[in-house]
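The structure appears right after this line, and notes come after that.
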Amino acid sequence: MAAELFRELKQLISLRSLKARIFLIILLAGVIPCLFMRYGILDNYEERTVEQRIATVQNQLLVIGNHLISNNYLNNTPTEENGNLVSRDVIDAELETISNLYEGRVLIVDSSLRVVKDTYGISEGKTIISEEVIRCFQGVNTSYYDKQHGYIEMTVPIVSASAAVDAEGQNTSDAIEGVMLTSISNEAIVSTMEVLNRRAVLLENLIFVFVIAIAIVMAVVLTKPLHRVTSAINAVQAGYANEEISVPGYAETAHIVEAFNQLLKRMKALDDSRQEFVANVSHELKTPMTSIKVLADSLLAQGDAPAELYREFMEDMVSEIDRENKIITDLLTLVKMDKKVQDLNIVSLNINDLIELILKRLRPMARKKDVELVFESMRPVVAEVDEVKMTLIMTNLVENAIKYNKEHGWVKVELDADHQYFTFKVSDSGLGIPEDSLEHIYERFYRADKSHSREIGGTGLGLAITRSAVIMHKGTITVTSEEGEGSCFTVKIPLTFITQ
Ligand code: ADP
């Protein structure tokens, strides 16, 4: 349990688990837009508020600038006794109000760069040389927002009433009689930003917690069908369930389950055929043993049986032992057939010569039944084959054609080739194979006519061996047969051996 937990944790950390990936994707999808929104909205808000503030202050200063001009403020010193003194106080009051309202400082600079008025009262009478002021005199209004120190600085021109305006709508430098250099605090903006920021962070944290909760729930819920598939497969593996598993959930899990069920079916079929094979082998091996035991028991029971009887029974026993031997040899050959293609010993072989040799070996057997053996070759054939296995194929087919033939019958062997394959055909005038047996004749231990086959010494393994050998050569074997008329086996093998 602890080991499983540790393994899951390791998978989560290394992001190999789907759960971890779903969790991360939902988390990122929830949190990233949130962060973008926060920075986007707050930054935009700050920018717009500063712009609005600058526009408002600039407008108010322009109005005051007009007052300054109409009262000839720039050309009078505060100590001068003239009729404008009252208006001057009014203007000073206006300037004072502005600087109080915006917590700022207003400097009025005349054309000789002398500070005529400073709302702080520090720089009056001094000369100011600043880039902004000079640029303003040249007709360029400047505004600058110092985010770090929290103030906005701007210059507004004081333009004479008969101002000349150039083609671009800018005041010409001659018309600018003075400049108002203003710096205002943006404390209010900063504190509003702080409040908004704090709220945004709070909201963000809430969303973060909410998204984490959703991500965990989704990761668990979305991967549940996969866990169900694993549990179902484990149950089959542990032997609790033998039937097909069913995990409806996603189309994908349904596909996995379907593929698994197919595999299970195939494995079951394999297991069944293996069990059947073992049962068949035991049965086949037991039959000669039982006969031997019966023969031996009856001899023993008789006590003083005559020597001829002994001899007769012994001969029967020897033939049963031969049969047992043949079954074992065939079984070993079949097992060897299951080995890999690499075990084939491929050589270039004259097939005509091989058939002649095989027929020569089988002629005595055919003669016993007075079966005529004919060989018809359309052309000389040389092919890349395994000699031993090819001999097995041909011997089995011709032997069967003789074994399952009538007295005085015939067996015809034909050989032909095209540019790709050679065809080896064995037809006989024998008993034929019943139609319902045709699809089974390649099965191990299958005999179309059980008693007859056993009688003539068949093991039921010959055609299984033949088919395996043909498949190893990437060839095909087909059969046509008519009961009572005869059969025809056709084997087609590539002339050059195909490794893949
Ligand atoms: P066996 O060792 O019994 O001959 P095979 O695998 O070679 O086993 O053949 C399987 C069965 O197919 C045989 O038992 C026989 O009934 C049938 N069979 C095979 N070849 C022929 C044939 N040429 N004519 C008739 N029946 C055949």
Side-chain angles (χ1 to χ4, degrees), residues 273 276-277 280 283-284 287 319 323 326-327 330-331 333-334 337 351 354-356 358-378 389-416 421-471 473 475-493:
S273 102
E276 196 190 308
F277 179 62
N280 283 341
H283 176 76
E284 292 298 327
T287 318
S319 88
R323 197 172 142 62
K326 186 161 166 35
I327 296 172
D330 277 1
L331 273 175
T333 316
L334 199 63
M337 288 291 168
I351 305 294
L354 184 71
I355 297 175
E356 296 279 9
I358 289 166
L359 293 187
K360 196 175 156 199
R361 270 192 224 142
L362 292 175
R363 255 197 188 100
M365 185 180 168
R367 222 171 284 134
K368 263 191 212 163
K369 266 185 121 172
D370 192 24
V371 170
E372 189 190 358
L373 258 181
V374 193
F375 175 39
E376 260 176 37
S377 171
M378 304 299 162
K389 299 213 163 60
M390 197 44 64
T391 308
L392 258 175
I393 296 171
M394 292 170 172
T395 311
N396 274 342
L397 292 181
V398 180
E399 215 181 280
N400 275 353
I402 300 169
K403 269 196 311 191
Y404 301 105
N405 218 319
K406 300 181 252 193
E407 294 274 332
H408 322 298
W410 53 264
V411 172
K412 190 158 106 186
V413 178
E414 287 163 90
L415 178 69
D416 196 2
Y421 295 92
F422 75 87
T423 316
F424 170 77
K425 208 187 251 184
V426 183
S427 29
D428 62 59
S429 60
L431 314 168
I433 304 163
E435 211 183 323
D436 54 335
S437 296
L438 276 176
E439 57 180 313
H440 300 292
I441 51 173
Y442 302 109
E443 289 170 13
R444 293 168 296 196
F445 296 114
Y446 183 83
R447 296 168 181 109
D449 178 354
K450 278 197 170 40
S451 54
H452 184 68
S453 167
R454 235 184 268 264
E455 213 175 279
I456 39 185
T459 59
L461 292 170
L463 285 181
I465 294 171
T466 306
R467 200 171 94 102
S468 293
V470 170
I471 289 171
H473 282 88
T476 54
I477 177 165
T478 49
V479 57
T480 52
S481 183
E482 190 119 349
E483 224 181 329
E485 296 290 316
S487 320
C488 176
F489 283 85
T490 310
V491 174
K492 219 171 155 186
I493 305 272

query = Are any non-hydrogen side-chain atoms of Thr490 and Cys488 less than 4.5 angstrom apart?
reply = yes

key: Carboxylate-amine/guanidinium contact Arg447 Glu284, below 4.0 Å   = yes

task = Could you please spell out the steps behind the side chain to side chain contact (heavy atoms under 4.5 Å, CB included) verdict for Tyr404 and Asp428?
result = CA-CA 9 Å; Tyr404 301 105; Asp428 62 59; over 6 Å; no

query = Do side-chain atoms of Ser487 reach the backbone of Val479 as a donor and acceptor pair under 3.5 angstrom?
reply = no

note = When rounded to the nearest 0.5 Å, the distance separating NZ of Lys368 from CD of Glu407 is 12.0 Å

query = Run the side chain to side chain contact (heavy atoms under 4.5 Å, CB included) check on Val426 and Val411 step by step: do they pass?
reply = CA-CA 7 Å; Val426 183; Val411 172; 4.0 Å; yes

Exam field: side chain Ser429 to backbone Gly409, donor-acceptor pair closer than 3.5 Å = no

remark   = When rounded to the nearest 0.5 Å, the distance separating OG of Ser377 from CD1 of Ile351 is 10.5 Å

query = Is the backbone N or O of Gly462 less than 3.5 Å from a side-chain atom of Asn396, with the two atoms forming a donor-acceptor pair by type?
reply = yes

remark   = Heavy atoms of Pro364 and Lys360 approach each other most closely as CD-O, 3.6 Å

request  = Compare all side-chain heavy atoms of Thr333 with those of Leu392 and state whether any distance is below 4.5 angstrom.
outcome  = yes

request  = Given side chain to side chain contact (heavy atoms under 4.5 Å, CB included), test Val413 with Leu359 step by step and report yes or no.
outcome  = CA-CA 9 Å; Val413 178; Leu359 293 187; 4.0 Å; yes

inquiry  = If you apply the rule side chain to side chain contact (heavy atoms under 4.5 Å, CB included), what do you find for Leu415 with Thr423, and how did you get there?
reply    = CA-CA 6 Å; Leu415 178 69; Thr423 316; over 6 Å; no

Asn280 side chain vs Phe445 backbone, donor-acceptor pair below 3.5 Å = no

remark   = Value for CG (Asp370) from CH2 (Trp410), rounded to nearest 0.5 Å, stands at 15.0 Å

task = Kindly indicate whether the side chain of Asn400, heavy atoms from C-beta on, has any atom under 4.5 Å from the side chain of Phe489.
result = no

message = If we ignore hydrogens and angles and just use 3.5 Å, is the side chain of Asn405 paired with the main-chain N or O of Leu431 as donor and acceptor?
response = no

note = dist Lys389:NZ -> Ile471:CD1 (nearest 0.5 Å) comes out at 13.5 Å

remark   = In terms of heavy-atom contacts, Gly484 and Lys406 come closest through O-NZ, 3.7 Å

List the atom pairs, with distances to 0.1 Å, where a side-chain N or O of residues 434-443 and a protein N or O form a donor-acceptor pair under 3.5 Å, not counting sequence neighbours.
unit_1 : atom_1 : unit_2 : atom_2 : d
Ser437 : OG     : Tyr446 : OH     : 2.9
His440 : ND1    : Glu443 : OE2    : 2.8

task = Quick one: pull up CE in Met365 and NZ in Lys369 and give me the separation to the nearest 0.5 Å.
result = 7.5 Å

Check: Leu373 main-chain N/O paired with Lys412 side-chain donor or acceptor under 3.5 Å = no

query = Going through the distances and angles, do Thr459 and Asp330 end up as a side chain to side chain donor-acceptor pair (under 3.5 Å)?
reply = CA-CA 8 Å; Thr459 59; Asp330 277 1; 2.8 Å; yes

request  = Considering non-hydrogen atoms only, spot the tightest contact between Ala448 and Ile433 and give its length.
outcome  = CB-CG2, 4.3 Å

query = Where do Glu414 and Ser427 come nearest, in terms of heavy atoms and distance?
reply = OE2-OG, 3.9 Å

ask   = Mind checking whether Tyr421 and Ile493 have side chains closer than 4.5 Å, heavy atoms only?
value = no

